[in-house]
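Convention: sequence-line order gives letters A, B, ...; per-chain numbering from 1.
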Protein chains: 2
Amino acid sequence: MREPLPADMFDELCPSSLNPIRFGDKWAGLVIRCLEGGPRRFSELRVPLSRVTPKVLTRSLRSLERDGLIKRTVYAEATPHVEYELTPTGRSMLEPMAIACTWAEQHWDEMLDARESYDNAASLDQAG
Amino acid sequence: MREPLPADMFDELCPSSLNPIRFGDKWAGLVIRCLEGGPRRFSELRVPLSRVTPKVLTRSLRSLERDGLIKRTVYAEATPHVEYELTPTGRSMLEPMAIACTWAEQHWDEMLDARESYDNAASLDQAG
DNA sequence: CTGTATCCACACTGATACTG
DNA sequence: CAGTATCAGTGTGGATACAG
């Protein structure tokens, strides 16, 4: 046990952008979950993502589109609108993400407690 | 199908820092995987994480310690050293992370392809 | 050995206002 | 309706040097 860690352990596997537990930008996870139930229009996404400004939401959507995780379709009709939907690749991400969500929900409380303890200890260090 | 998305869908579940697929900072995932095999010293971690400056690695380690995912132990001996190891909470994260890693490995190529297509299309738009 | 200090660059986010 | 433009704040990461 405790063999040395190879220096190139993650060189190929993990370019800096491929930390798999740190996928996408701040809102990517929520965007994907919002599209879980089927195609959504931009204005529909803005409801659950009301804290996200349109500029930021647009960028997040474009980034996911760029990576082939969602498909953007423009309907140039009398009342023009745009629909976003998960691609098969994007849909394949739902399961690992749900697992990560479950983990986060189960451990969120203890992480908050740990933070509080850590911060309190730091305060005491400063004081004393 | 296609019911409206509730506006408060993620208010409680996902404060901005609790996007579960975007855990920790840039290097958190790799740090955790480096600790999978047991306790490691700071200098040992620096080998596989050679691209990370000590300042950034320290910050990442402190952040994980703050959240109770790793434990930091100082040995104040003749040759002082520090060991980091996963807590039970930290270890519980290995499985969801491994699943996310598997997904990323399986879909990394197609995501790169999608990016290339997307960028090429954008270039053509500019040109023509 | 295990970090800190300093300076810098830039990406990300956000608020507000505006447009085809 | 579906975005863009602009400006600004902040954090996050990186290079380099230094310290207990």
If you measure from NE2 on A:H81 to CZ on A:R41, what distance do you get to the nearest 0.5 Å? 4.5 Å
Sugar-phosphate, base or nothing in reach of B:Y75, heavy atoms under 4.0 Å: nothing
Give me the atom names and distance for the closest heavy-atom approach of B:E110 to B:H107. OE2-ND1, 2.8 Å
Determine whether a donor-acceptor pair (N or O, by modelled atom type, separation under 3.5 Å) exists between the side chain of A:E116 and the backbone of A:D113. no
Quick one: which of C:dC1, C:dT13, D:dA2 gets closest to the side chain of B:S43? C:dC1
Tell me if a side-chain donor or acceptor on B:S60 pairs with a main-chain N or O of B:V56 at a distance below 3.5 Å. no
Rounding to an integer number of Å, can you tell me how far B:R72 CZ sits from C:dC1 P? 16 Å
Taking CZ from B:R41 and P from C:dC1, how many angstroms apart are they, rounded to a whole number? 7 Å
Could you spell out the base pairing of DNA chain D in dot-bracket, with Watson-Crick or G-U pairs whose two distances are under 3.5 Å, [ ] crossing and | to another strand? ||||||||||||||||||||
Quick check on contacts: within residues 57-68 of chain A, what sits under 4.0 Å from DNA chain C by heavy-atom distance? A:R59
Atom CD of B:E44 to atom C1' of C:dC1: distance rounded to whole Å? 12 Å
Taking the nucleotide of DNA chain C with the closest heavy atom to each, which residue, A:P80 or A:T53, is nearer the 5' end? A:T53
If you only use heavy atoms from C-beta on, which nucleotide in D:dT6, D:dA2, C:dG3 is closest to the side chain of A:V82? D:dA2
Report yes if the side chains of B:M97 and B:R33 come closer than 4.5 Å at any heavy-atom pair, otherwise no. yes
To the nearest Å, give me how far apart CG (A:L45) and C1' (D:dG3) are. 13 Å
Do other residues, nucleotides or ligands put more than 12 heavy atoms under 6.0 Å from B:E95 CD? no
Nucleotide D:dA19, atom P - distance to CZ of B:F42 in whole Å: 18 Å
Sequence neighbours excluded and cut-off under 3.5 Å, please list the side-chain donor-acceptor pairs for residues 61-73 of chain B, or say none.
residue, atom, partner, partner atom, Å
B:R66, NE, A:D119, OD1, 2.8
B:R66, NE, A:D119, OD2, 3.4
B:R66, NH2, A:D119, OD2, 2.7
B:D67, OD1, A:R115, NE, 2.4
B:D67, OD2, A:R115, NH2, 3.3
B:K71, NZ, B:T73, OG1, 3.4
B:R72, NE, B:Y84, OH, 3.4

When every non-hydrogen atom of A:W103 is compared with those of B:S92, the smallest separation belongs to NE1-OG, 2.9 Å
Would you kindly compare A:H81 and B:V56 by the position of their nearest DNA chain D nucleotide and give the one closer to the 5′ end? A:H81
Indicate the atoms forming the closest heavy-atom contact of B:P48 with B:E44, along with that distance. CD-O, 3.0 Å
Closer than 4.0 Å, any side-chain N/O of A:Y84 to the OP1 or OP2 of D:dC1? no
Could you tell me how far apart A:R46 (CZ) and D:dG3 (C1') are, to the nearest whole angstrom? 9 Å
Rounded to whole angstrom units, what separation is found between the CZ atom of A:R51 and the P atom of C:dC12? 19 Å
Determine whether a donor-acceptor pair (one donor, one acceptor, N or O, separation below 3.5 Å) exists between the side chain of A:K55 and the base of D:dT6. yes
Which one, D:dG13, D:dA17, C:dA17, comes nearest to the side chain of B:K26? D:dG13
Would you mind reading off the distance between A:R22 atom CZ and D:dG13 atom C1', rounded to a whole angstrom? 10 Å
Could you please name the option among D:dC7, C:dA17, C:dG3 that lies closest to any side-chain atom of A:P54? C:dA17
Measuring from atom OG1 of A:T89 to atom CD of B:Q106, what distance do you get when rounded to the nearest 0.5 angstrom? 11.5 Å
